[in-house]
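Take a look at the structure below.
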Amino acid sequence: QKEVEQNSGPLSVPEGAIASLNCTYSDRGSQSFFWYRQYSGKSPELIMFIYSNGDKEDGRFTAQLNKASQYVSLLIRDSQPSDSATYLCAVDLGGSYIPTFGRGTSLIVHP
Amino acid sequence: DAGVTQSPTHLIKTRGQQVTLRCSPKSGHDTVSWYQQALGQGPQFIFQYYEEEERQRGNFPDRFSGHQFPNYSSELNVNALLLGDSALYLCASSLGGGVRAKNIQYFGAGTRLSVL
């Protein structure tokens, strides 16, 4: 079955630390990978998208993609309490251009 | 630049009733997708509309139907509501009918549906 897997957490990190969020996916042919942030009671907000192997950086956020191992990661440097949210990984699976979402990882950044 | 707008924000219905949710895509976008998000879960794909047609559908029963209008706005209809239909319903817009590897979706604020 085609799936996107995330550890539901919560992942707790101190303010200023690096938060590392991981996502694995089942379809080796997937081409599009997305990270969304969702605050409690709000809708998902796109943070990063990545299509090629390697790293993509945007401010404090870095997405890392390894297609051979079928995982994509999100690193958040200098974590702030305002980063506390659920982070959703989305991947296009099985030849579909519709991204499939994982259940999300809850991140808590404590002062 | 107007983002994705959804209405209403909250809705309370009873079992067996019917509901219609509405969505206007981000300016310049022509494709609308609908998702259901239960508490503690990721969004689950319901269907996508492009050029006023349903292009792809997720694993949802026929009680869930939709429509896209010439101005690209969309409606989601759910008939014979069940308690399990209580969820956050999200609309996402994108461009070009979802060209593979470029289907960046932007979400609206959602409609929270409670079925009693």
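Quick note on labels: first sequence line is chain A, next is B, and so on, each numbered from 1.
One finds the CG atom of B:Asp85 at 11.5 Å from the OG atom of B:Ser114 (value rounded to the nearest 0.5 Å).
A donor-acceptor distance shorter than 3.5 angstrom exists from the side chain of B:Ser86 to the backbone of B:Leu83, with no hydrogens or angles considered.
Aromatic ring centres of A:Phe101 and A:Phe34: separated by at least 6.0 Å.
Applying side-chain contact (heavy atoms from CB on, under 4.5 Å) to B:Pro25 and the options B:Val4, B:Val32, B:Thr5 leaves one that passes, B:Val32.
Between A:Tyr36 and B:Phe107, the ring-plane angle classifies as perpendicular under the 30° and 60° cut-offs. By the 30° and 60° cut-offs, the orientation of the rings of B:Phe47 relative to B:Tyr49 is perpendicular.
Using non-hydrogen atoms only and a strict 4.5 Å limit, no part of residues 63-74 of chain B faces chain A.
Pairing each heavy atom of A:Asn66 with each of A:Tyr25, the nearest pair is O-OH, 4.0 Å.
Contact count versus chain B (heavy atoms, under 4.5 Å) is highest, among A:Gln38, A:Glu45, A:Lys42, A:Gln6, for A:Gln38.
Only the side chain of A:Leu46 has a heavy atom closer than 4.5 Å to any heavy atom of chain B. Interface remark: B:Gln6 contributes no atoms to any contact with chain A (heavy atom separation under 4.5 Å).
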